[in-house]
Amino acid sequence: MTDFAPSAMTALIDGHVRYDLAESTSPPVSLGDLADPAELAAVPLGYGTTRGDAGLRELIAGGTGVGADQVLVTVGAIEAMFLLAQATCGPGDRVLLVTPCFPPARTVPEGLGAQLDLVKASFDDGYRLPLGEIVAALGPRTRLVSLASPQNPSGVRCTEGELRELLDAVRERAPQAVVLVDETYRESTYAEAPTPPSAATLSPAVVTCSSVSKAHGAPGLRLGWLTVTDPDLYARLREAKFVTTIACSGVDEFLAARVLERRSDILAPRTKFLGEQLTELRHWAADQPVDLVVPDGGPMCCLRLRPEVNVDVFYARLAEREVRVAPGSWFGEDDRVFRLGFGHLPPADFSEALTRVAEALRPRRQR
């Protein structure tokens, strides 16, 4: 029986907090931004295809450098990750996972019976990819290597040089392994920074996943994708999708296509907004008993409490002030580290939330 470990991260969608700094989303788009009622009324509610709508796949392909026939549309990036784990590893197979990470990246292969080799990126090293440790952990039984760029929770991006070095090592030491690069936050940039290229075409061993949830502000559509340049693996994944969800929602595919058609108009104000919020956060952090790893992309980053701050007292005082951050333990990190999202709250609420975090960090006065 497949048994998935419970995740404390379900609190993000099941429990509301007034000042939620745990979220890692950008400002949401609304239905009215994408289509008018007459257009929606004309969308048929029949079955789609296992591959996904052809026009949508063309839009995804155009942003990643692959062909439309190398794109598989999925129910969010979470289904993409699940299908790939299911297709590549089973009981006794080994999965190399770079942590800290998005919790399902660990719980899904673990629940499928795979043995995990965890390689930890370090706060002190700025969460750079620990290539030496990764190479040492690779072996002939490795079937999946899983990482994210930008990483979740840190927002630190892998360089093309790092990825190429990793792929060389996989080719030599784990030739049967697939390398998953989660690019969910790739298009989430700051100020005038350009969108970095996808890793999708670096090697046939590379599979990428992403969605319209984070950078584009449309998590309610539950629409993601895989890019797969290995034809045999693509066929297996398409079959796996058929026996799980058959096809994605036609309404979601229609609206996701609208999001990607208007990609520039949707991303531009969010890029500006995130740059401003990150600047405020960095100025705030400079006066607090915390250290911060500056992110490369995504609406989130990691901060670490300095030794003089009591961890348990800090989280308790946050709760008293109706503030939530994402504890490091959600991601396989120490709770002295936490993820702070700066894209979810509007500016005034974000400033107020930081004020309340500062209060939680302040030593109690002795009576």
Side-chain angles (χ1 to χ4, degrees), residues 8-9 21-22 24 95-103 105-106 116-138 145-166 169 179 181-186 188-190 193 196 274 277-315 318 325-342 354 357-358 360-363:
M9 188 179 262
L21 295 173
S24 61
V95 173
L96 191 156
L97 178 62
V98 180
T99 67
C101 64
F102 179 51
R106 175 173 182 165
L116 268 58
D117 296 309
L118 305 178
V119 178
K120 194 172 187 303
S122 165
F123 187 101
D124 289 325
D125 292 334
Y127 288 118
R128 296 252 51 96
L129 202 61
L131 284 166
E133 291 89 338
I134 291 173
V135 171
L138 289 168
V145 178
S146 178
L147 64 146
S149 180
Q151 299 163 13
N152 182 7
S154 70
V156 173
R157 185 180 295 119
C158 302
T159 66
E160 182 176 327
E162 288 172 332
L163 290 175
R164 288 191 181 278
E165 189 174 342
L166 169 63
V179 179
V181 183
D182 179 354
E183 297 185 331
T184 298
Y185 298 97
R186 180 176 66 89
S188 185
T189 58
Y190 314 133
L274 291 180
Q277 298 280 86
L278 178 58
T279 296
E280 179 179 352
L281 174 60
R282 293 181 68 180
H283 287 156
W284 172 88
D287 295 326
Q288 305 300 326
V290 298
D291 299 305
L292 181 152
V293 173
V294 179
D296 300 312
M300 75 286 179
C301 63
C302 281
L303 295 93
R304 184 173 62 187
L305 303 172
R306 291 182 183 161
E308 64 267 28
V309 180
N310 182 290
V311 175
D312 293 335
V313 170
F314 169 69
Y315 286 107
L318 283 183
V325 297
S329 55
W330 286 9
F331 311 96
E333 179 59 283
D334 188 272
D335 274 346
R336 188 165 287 277
V337 175
F338 59 92
R339 185 183 77 181
L340 188 149
F342 49 86
L354 291 181
V357 176
L361 289 165
R362 196 173 301 145

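- Side-chain atoms of D125 never come within 3.5 Å of backbone atoms of R128 as a donor-acceptor pair (strictly under, hydrogens ignored).
- Summarising the geometry, atom CG belonging to D117 is positioned 12.5 Å from atom OG belonging to S146; distances are rounded to the nearest 0.5 Å.
- Judged purely by atom type and a 3.5 angstrom limit, W330 has no side-chain atom pairing as donor or acceptor with the backbone of P103.
- S149 places a side-chain N or O within 3.5 Å of a backbone atom of C158 that can act as its donor or acceptor partner.
- A side-chain donor-acceptor contact under 3.5 Å links R336 to the backbone of V309.
- A salt bridge is absent between E133 and K120: the closest approach of a Lys/Arg side-chain nitrogen to an acidic carboxylate oxygen does not fall below 4.0 angstrom.
- With contacts defined as side-chain heavy-atom distances shorter than 4.5 Å, the pair L21/V357 qualifies.
- Panel note: side chain E162, backbone L131; no donor-acceptor pair is recorded below 3.5 Å.
- In this model, a donor atom of one side chain and an acceptor atom of the other lie less than 3.5 Å apart for D182 and T184.
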Residue pair R106, V95: steps toward the side chain to side chain contact (heavy atoms under 4.5 Å, CB included) verdict: CA-CA 9 Å; R106 175 173 182 165; V95 173; over 6 Å; no
Would you check, one step at a time, whether the test salt bridge (Lys or Arg N to Asp or Glu O under 4.0 Å) holds for E333 with R339? CA-CA 10 Å; E333 179 59 283; R339 185 183 77 181; over 6 Å; no
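- A donor-acceptor pair is defined here as one N or O able to donate and one able to accept, closer than 3.5 Å; such a pair exists between the side chain of Y190 and the backbone of G298.
- Using a 4.5 Å heavy-atom threshold, the side chains of L147 and L166 count as touching.
- Counting only heavy atoms from C-beta outward, the side chains of V119 and L97 never approach each other to under 4.5 Å.
- Closest non-hydrogen pair, G126 versus V293, comes out as O-CG1, 3.9 Å.
- L274 places a side-chain heavy atom less than 4.5 Å from the side chain of S188.
- Between the side chains of Y185 and S24, at least one donor-acceptor pair of N or O atoms lies under 3.5 Å.
- Proximity of F314 to V311: side-chain heavy atoms (C-beta onward) are nowhere separated by under 4.5 Å.
- Among all heavy-atom pairs drawn from R157 and P196, the shortest one is NE-CG, 3.3 Å.
- In this structure, the side chains of L340 and L354 come closer than 4.5 Å at one or more pairs of heavy atoms.
- No donor-acceptor pair under 3.5 Å is formed between the side chain of T99 and the backbone N or O of C101.
- Residues L361 and L305 form a side-chain contact, since some pair of their non-hydrogen atoms from C-beta on lies under 4.5 Å apart.
- S154 places none of its side-chain heavy atoms less than 4.5 Å from the side chain of P100.
- A donor-acceptor pair under 3.5 Å links the side-chain atoms of R306 to the main chain of V290, judged by distance alone.
- A donor-acceptor pair is defined here as one N or O able to donate and one able to accept, closer than 3.5 Å; no such pair exists between the side chain of R304 and the backbone of F338.
- Across all non-hydrogen atoms, the minimal contact from E308 to P289 is OE2-CB, 3.6 Å.
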